[in-house]
Each structure stands twice: as structure tokens, then as C-alpha cells.
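These notes concern the structure reproduced below.
Within every chain, numbering begins at 1; the chains are lettered A, B, ... in the order of the sequence lines, protein sequences first and strands thereafter.
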Protein chains: 2
Amino acid sequence: MSVDAGVPPVLGRVTITDVARAAGVSVATVSKVMNGRYGVAPATYERVMAVVTELGYETSLIAASLRRSKTNVIGVLITEFEPYSAELLKGIGSAAHGTGYELLAYAGWAEDSPRDGWERRSLSRLAGTLIDGAILVTPTVLMPETSVPVVAIDPHTGRGGPATVDSDNIGGARAVTDHLLSLGHTRIAHLRGRTDLESSHLREQGYRASLEAAGIDFDPDLVLDGEYRRKEGRERTLDLLDRTEPPTAIFAANDLSALGAIAAAQELGLRVPEDVSIIGFDDIPEAGRSEPQLTTFAQPLHAMGAEAFRMLMEQLTGGENGRRHEHLLGSLVVRESTAPPLTR
Amino acid sequence: MSVDAGVPPVLGRVTITDVARAAGVSVATVSKVMNGRYGVAPATYERVMAVVTELGYETSLIAASLRRSKTNVIGVLITEFEPYSAELLKGIGSAAHGTGYELLAYAGWAEDSPRDGWERRSLSRLAGTLIDGAILVTPTVLMPETSVPVVAIDPHTGRGGPATVDSDNIGGARAVTDHLLSLGHTRIAHLRGRTDLESSHLREQGYRASLEAAGIDFDPDLVLDGEYRRKEGRERTLDLLDRTEPPTAIFAANDLSALGAIAAAQELGLRVPEDVSIIGFDDIPEAGRSEPQLTTFAQPLHAMGAEAFRMLMEQLTGGENGRRHEHLLGSLVVRESTAPPLTR
DNA sequence: CTGTTAGCGCTTTCAG
DNA sequence: CTGAAAGCGCTAACAG
């Protein structure tokens, strides 16, 4: 390549300045070439492109986004990469395919910062510059005003501010508890979710409503905080099953804590479901792979993610139309972790 | 709040300038307060913080990263969010938890741009500014020099440049094919993966080696391109099973294309595994949930992701130590989609 | 202790 | 058609 001789080696990242210098033009011209703007002589265009290829230059998304208004990047803001958000991400990803938008998932919960309001922080850090719009996964607070279009999945306040996508938390929890009741259980414990999340309260509501409908007194001693996490689910279950009068069934507010509960039961030498029934919520992939396989309430996570992306697109292109509240339905999936209680 | 009166409403994103103006100080002072630098009078600190809280200001990750050298953000570069990368992401996420690093997954494959070399493009766009290091998932080309530490998962060239994590592609493919042979199959088709990926070639090698060891002639007509995708897996299988002498078993180079193959067989009214055996590779969550459940070779995706993150940390902190080539082993998981061929 | 100044890499008027 | 200059939001010397 004839340009070779004139191109000094560049250390680190190649910047627009490096290209400009090597091609003997100004950075403005390089910028025009990179963005296909009019007003560049064919010869100049060729020369710049040759250097660009030679050096392997790519415009920095960061620097460009600081100047531009539109980036064609959608942000998905999550607390961390775990099964639940991963499932949503797959759905979002499939909807994003072919739209020309790029996806950026950001897990911005620093352990030292308050968990509450992490999404406001992440959004502030990315919006207005890097991303054109955002999908908030299980946000903890309501954000009335945002600088970019937003869709919230399973949000704290349900209706109200931004567009939302959720599924039937109360109905699901009722279905789950009803299933346990129909098997003959009466002492049903509940491993509550993260109390800063609305879904957690709704599921507890469903649990209580179901008990009440069956004429069973609510026993606060049977409700512990599973935190939506495997570790906490295991620990609370250890406590629960160690009592003199343990529950015969446990409804964990999500699959992860249910999986922890199964682990705890097995550690104590108990059989699931023979000695204790355990039921989860969400139907993450791991639910179908546990031993025994987990009975749970399946949320249509894939569809929820895809729908959220579509609603965001509507807001981005068609104005306010995407500002809806979408409510998708789930269904009970009976696998192996539930059975009638032992009669003794 | 007493500051209230002095703070005019700000539209859009709140910037450091807005805060400075509202607090009556310079932007430099605000920056110092935000970053906890020494040399700010307590009174000033308080006043600034009050305004920060009032306005809900957060420093822009983008702007800050342009100036700073370290951002505490690790980038995970993928082509798209699909089951394989989602599993890795979970592993990476669990390893990242508690390290103080934030994770940013970027799916930067624009459909119009060449697929080959997407990782170089993505890396150039993010590295040097936004991210301190990167994990490249199934990169297509070898990148000898990068501006930030990099770990590649299941890379194109295996050994060589950057640190790598992979699993036993050849061995896995042999195990899979051997399983089919041991069941009595002799006409075994192969749905090859994406030919731009090394793993695809290695798996085909394993397939061929296994056949050869069994004394079966390699039949090129039985090898079609499944592209690692569900859609292509289905289409190629439709072709395969429509022939006068169809294969009795199909080895799909990954689970997604295997799932497509199952769908195709069922569309044609064939039973899996009675009429045709189908086997996959990867063991993504979906493999355990299909009907019939998929027999496959399980890669330790979670562990691979976690290991990649750890190796990156080593490079970031301890110098060059993380520049290893880690090779994790997988195992055959026999489920329901394989059986002996029909004897007729 | 505080503010001024100089950029980070890029895009965008606006002269030449 | 091309380049100089301003500025996006922020941090980091360096004066005052």
C-alpha cells in the first residue's frame, strides 16, 4: 500500500487527529468522510479512506455522542446480570434485531451506593449523551421526568409516569398459592422478594388474598425475606424448616430464592416434594433444570422484553404513542417440586 | 429546602454547569466535591451537595471517561443478545459482583456492516475512553494489539494473541458423534456453524474424526450450513429430511440450530428421536425445555464467563499474569432427542 | 480553599 | 471543497 510510508506508527487508540495528520487533511475533513457528508472531493475521500483502513480507525462512540444528539444506541439498565434480566435481554435483543439500533446493557449498581434509585443514577450517567432511549428493568422508584424516552419493565409504581410493561403479579401469586392449597397444604410459608420492588408486594398480596379466600388465617411468622436471591432463600428456608412446626409448603417470590429453598431442604435431609413442597415465580431457564424441576409461575419474559423495545421505538419515532401500559399474562407451570403434604 | 429559591428549573439533563451556577461556585469545585477531592471547605461542600441532591445531578459517565483514564467499567462485546452470550454474561456478572467494576454489554453488530471484524470496530468505539478492559465473545479475527486488556472467549485463532478462554470443541464434537455411532447410526448429518468462527471448524473436525475412527466414509452431501441459528437449522433440516435417503441422525453445531432441526422434523410429521435423532452443542437453557429435551454437549458457559472476568482482572491489576489460555472441559448430556435408528 | 485554563475526541457552523 | 474554531460535559494542573 502506497500510503504506508507516510503513516507513522500510532500507539494506543487511533484518533481522528492521527488520521488527519497521516492523510494531510484537517480533522474536520476526516469527520466529513467518516460521516459521509457532502462536500469532499473524491480524491480527498479516497486518500482519507485509505488511511482509515490502514490505521484501522473507528470513530469513538463516546466522543461522538458527546457532540451528537442521536446515537442509535438503546440502553438497557439493570442492577446486575442474572437469569431474570438475561431472559428479558434475549427478548429485547430479538426485537432490536434489524432495526438499526444497537443495544447496550449497563449493570450499574455499585455495592457501596444505595440500591434505591440506582436507575436514576444510571440513567443520568448515560442519557442525554450515550443513549437515545432506555429500558429500565425493575426500577425502584418512579421517574416522572426523564431526558430520554423510557420504558420500565415491572416497575415500582405500576401505572403513572413512564410507559410500562409488566405481568400479572397478583394473579400469578394467587395461582401459585391456590395450587398449593388445592394439593391440601394449609401451612404455607412465603419467602418475600426485595421489599423495594413493587412486584414483591404484589406477590405477597396475591398470597394473602389466596389464603384469605380459602379461609386460612395469615400467619406473619411464616413470611420471611428471601430478597429474590438464592443465598437468602436458602438461609430463610433453613430457619423455616428447623422449627418445631415447619410449613409443609413454601412459596418463594422468585425462582432464584426457590432454588435456594430446595437446596436448604435437601441439606436438611428432606425430600422435595415429599417432605416439603416448594414453588417459585418467573420461570427462569434454571427452573427447568433443577432436581427436582421447579413448579413455578411463568412470566413471558421474552415477550415482555420484546414488547418493551417496540414501545420504546414507538416513542422514539412516532411521538408519544408508545407511552402505554402493557400487561402480559403468565401461566402456572407444574413440574416436580410440589405434591400433597404428608399425612401423618 | 432553603436552596430551593435559588435554583431555577433545568430542562433536559442536569450538567455540572447547572450545578455550579445554582451553587454559585465554579465547575471545578463541583467536580472536586463529586469526586471527593481534598481542598473544599466544609461549608462549600455542603452547599454544593445540597444543590446536587436538589437537582438530582450525576456525573456523566461519558464526559468523565473522555477525560479520565480509568472508568471502572468493563465492556463485554457480543454480536447480539442470544442464549449463548446471555449464559456467559451471567457467569461474567457473578464474577464481577463485589469487585467494584461495572459491566457494560455492547451488541454492536450493525446488519449493514460486515460481520467479520465487528469486534475490532466495537472495541475501537469503546476502548480508550469508556472501558478499562474488554471481554470479546466469539471474535472473528485475531487482534494482536489492543489499546486495553482483552480476554477472548472461544476466539477464532485459539492460541496466539490475547488471553483466551475456550472449551473442548473437537473433543465435544467427537463425544457427540460417538454417542450417535454407539446408538447404531451410520448416516449422520452435520449442520455446521458459522464458518467465520473457529469453533465451527473445530466441531466439524471432531465430527469427521469420529466418523473416520469408526470407519465411516465422510459424505459431503450430509454437511450443510446451519449458521448457529434456529432459522437456518430448520431450513437445512427440511432439505435433509426431504431426501430419498435421509440421515437417521443429525448433529447440529449448536443448540439453537438443533432446536430448529427438531422443529423441522416435527413439521414433517416425524418423531424425534424415533424417526430421527438430533443432537446439539452448548447446552443453553432452552435445551432442557424443548420437547423432546435436547441431548447435547454441555459447555461450562457460566464458568467460562467467570474465568474470563477473573483473567481480565489479573491483567488489569497484576500486570501480564492474566494473559493465559484457559481451556475448560464440558460433558455430554444425554436427554431425550437421541435413540437408536429404526430398523426396517 | 477556589477559580481559571487547557484539553479528552469528535461534530458542526462558518469563513476562506 | 477545505480548515479554523467553538464547544459537548467533565477533570486536572496550576495559579491566585
Side-chain angles (χ1 to χ4, degrees), chain A residues 10-48 52 55 57-73 123-132 147-148, chain B residues 10-48 52 55 57-73 123-132 147-148:
Chain A
V10 178
L11 13 62
R13 222 188 140 274
V14 181
T15 72
I16 197 172
T17 317
D18 300 322
V19 175
R21 184 160 29 225
V25 296
S26 73
V27 295
T29 301
V30 176
S31 175
K32 280 171 197 155
V33 169
M34 291 303 291
N35 295 291
R37 295 270 179 285
Y38 287 109
V40 178
T44 312
Y45 181 89
E46 292 301 335
R47 187 151 39 97
V48 171
V52 165
L55 261 38
Y57 169 73
E58 290 288 348
T59 70
S60 160
L61 179 59
I62 313 310
S65 75
L66 203 54
R67 272 306 263 153
R68 274 180 192 289
S69 48
K70 201 166 165 16
T71 58
N72 277 319
V73 176
L123 196 56
S124 292
R125 286 172 66 91
L126 298 181
T129 39
L130 224 208
I131 58 179
D132 290 347
S147 51
V148 296
Chain B
V10 179
L11 12 61
R13 219 186 142 279
V14 181
T15 71
I16 197 172
T17 317
D18 299 324
V19 175
R21 183 162 29 224
V25 295
S26 72
V27 295
T29 302
V30 177
S31 176
K32 281 172 199 154
V33 169
M34 290 303 291
N35 296 292
R37 295 269 179 286
Y38 286 109
V40 179
T44 312
Y45 181 89
E46 293 301 337
R47 188 151 38 96
V48 171
V52 165
L55 261 37
Y57 169 71
E58 291 287 348
T59 70
S60 160
L61 179 58
I62 312 310
S65 74
L66 202 53
R67 205 68 186 79
R68 270 182 196 289
S69 49
K70 201 165 167 7
T71 58
N72 278 320
V73 176
L123 195 56
S124 293
R125 286 170 66 88
L126 298 181
T129 38
L130 224 206
I131 59 179
D132 290 348
S147 52
V148 296

(request) Measure the distance from OH on B:Y57 to P on D:dG9 and round it to the nearest whole Å. (result) 10 Å
(request) Mind listing the closest non-hydrogen atom pair of A:A63 and B:L66 along with its distance? (result) CB-CD1, 4.1 Å
(message) For a 4.5 angstrom cut-off between non-hydrogen side-chain atoms, does A:L130 reach A:L61?
(response) yes
(message) Quick check: closest heavy atoms across A:K70 and A:D132, and the distance to 0.1 Å?
(response) CG-OD2, 3.2 Å
(message) So which atom in A:V14 and which in A:L55 form the shortest heavy-atom distance, rounded to 0.1 Å?
(response) CG2-O, 3.6 Å
(message) Measuring from atom CD1 of A:I16 to atom OG of A:S60, what distance do you get when rounded to the nearest 0.5 angstrom?
(response) 10.5 Å
(message) Between A:R13 and B:A127 (side chain of the first, backbone of the second, donor and acceptor by atom type, cut-off under 3.5 Å), is there such a pair?
(response) yes
(request) Give me the first and last nucleotide of DNA chain C, going 5' to 3', that has any atom under 4.0 Å from a heavy atom of chain A. (result) C:dG9 to C:dT12
(request) Mind listing the closest non-hydrogen atom pair of A:Y57 and A:T15 along with its distance? (result) CE1-C, 3.6 Å
Would you list the protein and nucleotides 2-6 of chain D atom pairs, both N or O, that sit under 3.5 Å from each other?
| from | atom 1 | to | atom 2 | distance (Å) |
| --- | --- | --- | --- | --- |
| D:dT2 | OP1 | A:T44 | OG1 | 2.4 |
| D:dT2 | OP2 | A:A41 | N | 2.7 |
| D:dT2 | OP2 | A:T44 | OG1 | 3.3 |
| D:dG3 | OP2 | A:S26 | N | 3.1 |
| D:dG3 | OP2 | A:S26 | OG | 3.4 |
| D:dG3 | OP2 | A:T29 | OG1 | 2.9 |
| D:dG3 | O6 | A:K32 | NZ | 2.8 |

(request) Have a look at A:S31 and say if it touches a base, only the backbone sugar-phosphate, or nothing, with a 4.0 Å heavy-atom cut-off. (result) base
(request) Any chance you could measure A:T71, atom OG1, to A:I62, atom CD1, to the nearest 0.5 Å? (result) 9.5 Å
(message) Do B:V25 and B:R47 have side chains that approach each other closer than 4.5 Å (heavy atoms only, starting at C-beta)?
(response) yes
(request) For B:E58 and D:dG9, give me the distance from atom CD to atom P, rounded to whole Å. (result) 16 Å
(message) To the nearest 10°, give me the bend of the helix from C:dC1-D:dG16 to C:dG16-D:dC1, comparing the axes of its five terminal pairs at either end.
(response) 50°
(request) Report the distance from atom CZ of B:R68 to atom CG of B:N35, rounding to the nearest 0.5 Å. (result) 4.5 Å
